[in-house]
Amino acid sequence: MSEREDSTPGTATGHPHGPEGGTPVQHGPSVGAVAPSATSYGTPGGGRPAYTAPEHTDTTAPQYSDRPVAVRRPDLLSALLLVLAGVAAAISLVLPWVRGSSATGLDLVRKGFSSFGHLAGTGLWQPLVIVLGGGVLFVLGLLVVVPARSHRFLGAVALVVTAFVAAGLLVPFADAHWRTRFFDLGFWFAGAVAVLGLLGGLKALLTGGWHRRR
């Protein structure tokens, strides 16, 4: 080996320090330069862990409310009662109303229409109002089947019609001094019109909108 080569400072075969006693000169790739630092993967004293759960999520929780919500539904019980009131009025047409007389409800209604201008004096307005009222209650019963938030208006109308029907029953009943022996089966079916109309109207009036919670 020549003297020049021995005097070259900082070589691998020469002095262990670099020029002027500085840091050692490293030849070739450094292990620390390519190997990942252990502290960068979540070890104590390191940076952020490589695999962590996200701190913020974009998911939105569903909104719930305990406020009641009106639901459109039919009032089947009220509809049944009002329809039965109309059926009772129809049955009374084929039956006699007064004992000892063969006149049916239909005969009384026909006489009422024939003397329409003198109903107040003849008393024929009573079967006419009862039968026509039963027909109106029947139609109201069909309307109550239609889903709605409330059937209170139809219930109020049914109660007004029932009031007229009840008047047509109470007036002849009072004229007979509240004696039942003067009336036949047709009159009692007419009385069922008032009872069923009252129950059906009250059911529709007092029942508000159906509610559920979401």
Side-chain angles (χ1 to χ4, degrees), residues 70 72-210:
R72 295 179 179 271
R73 294 187 62 179
D75 193 343
L76 298 181
L77 179 57
S78 178
L80 177 62
L81 294 172
L82 295 176
V83 168
L84 288 179
V87 172
I91 295 176
S92 68
L93 292 175
V94 298
L95 298 174
W97 286 40
V98 181
R99 292 186 181 274
S101 175
S102 60
T104 62
L106 182 60
D107 296 332
L108 297 176
V109 170
R110 287 175 178 174
K111 290 180 181 180
F113 277 114
S114 61
S115 59
F116 191 79
H118 308 282
L119 289 177
T122 59
L124 292 174
W125 66 271
Q126 300 153 7
L128 191 61
V129 168
I130 294 172
V131 173
L132 293 180
V136 174
L137 293 177
F138 183 85
V139 174
L140 292 176
L142 296 180
L143 294 178
V144 172
V145 178
V146 178
R149 294 181 179 179
S150 175
H151 297 90
R152 291 177 178 174
F153 175 76
L154 297 178
V157 174
L159 290 179
V160 173
V161 174
T162 303
F164 285 99
V165 174
L169 291 167
L170 293 177
V171 170
F173 203 38
D175 292 339
H177 302 286
W178 311 102
R179 297 176 182 177
T180 60
R181 66 175 182 269
F182 293 104
F183 302 100
D184 211 336
L185 191 58
F187 183 83
W188 301 120
F189 271 95
V193 176
V195 175
L196 293 172
L198 176 64
L199 296 177
L202 287 176
K203 175 61 174 62
L205 182 64
L206 299 179
T207 303
W210 294 74

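The line from CZ of F153 to CG of L140 is 9.0 Å long, rounded to the nearest 0.5 Å. Separation of atoms CG (L196) and CZ (F189) is listed at 10.5 Å; rounding is to 0.5 Å. In this structure, CG on L137 lies 11.0 Å from CG on L132, to the nearest 0.5 angstrom. Distance check: L185 CG to L95 CG gives 5.0 Å after rounding to the nearest 0.5 Å. Note that CZ of R99 is 8.0 Å distant from OG1 of T180, once rounded to the nearest 0.5 Å.
Of all the heavy atoms in K203 and D75, the pair that sits closest is NZ-OD1, 2.8 Å. The shortest non-hydrogen separation linking V165 to I130 is O-CG1, 3.9 Å. T162 approaches A194 most closely through the heavy-atom pair CG2-O, 3.3 Å. Across L169 and A190, no two heavy atoms sit closer than the pair CD1-O, 3.6 Å.
Applying the ring pair (Phe, Tyr, Trp, His ring centres under 6.0 Å) rule to pairs touching residues 82-104 yields nothing, sequence neighbours excluded.
Residues satisfying the side chain to side chain contact (heavy atoms under 4.5 Å, CB included) test with P96, not counting sequence neighbours, are D184. With sequence neighbours excluded, the residues forming a ring-ring contact (aromatic ring centres under 6.0 Å, His included) with F183 are F173, F187, listed by chain and number. With sequence neighbours excluded, no residue forms a side-chain hydrogen bond (donor to acceptor under 3.5 Å, both in side chains) with D175.
Between the side chain of H151 and the backbone N or O of V144 there is at least one donor-acceptor pair closer than 3.5 Å.
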Review item, side-chain donor-acceptor pairs of residues 106-113, under 3.5 Å, at least two apart:
from	atom 1	to	atom 2	distance (Å)
D107	OD2	T104	N	3.1
D107	OD2	T104	OG1	3.3

Identify each donor-acceptor pair in which a side-chain atom of residues 76-94 lies under 3.5 Å from a protein atom, sequence neighbours left out, and give them as a table.
from	atom 1	to	atom 2	distance (Å)
S78	OG	G200	O	2.7
S92	OG	A89	O	2.6

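For the pair L170/W178, a side-chain contact is recorded, criterion being any heavy-atom separation below 4.5 Å from C-beta on.
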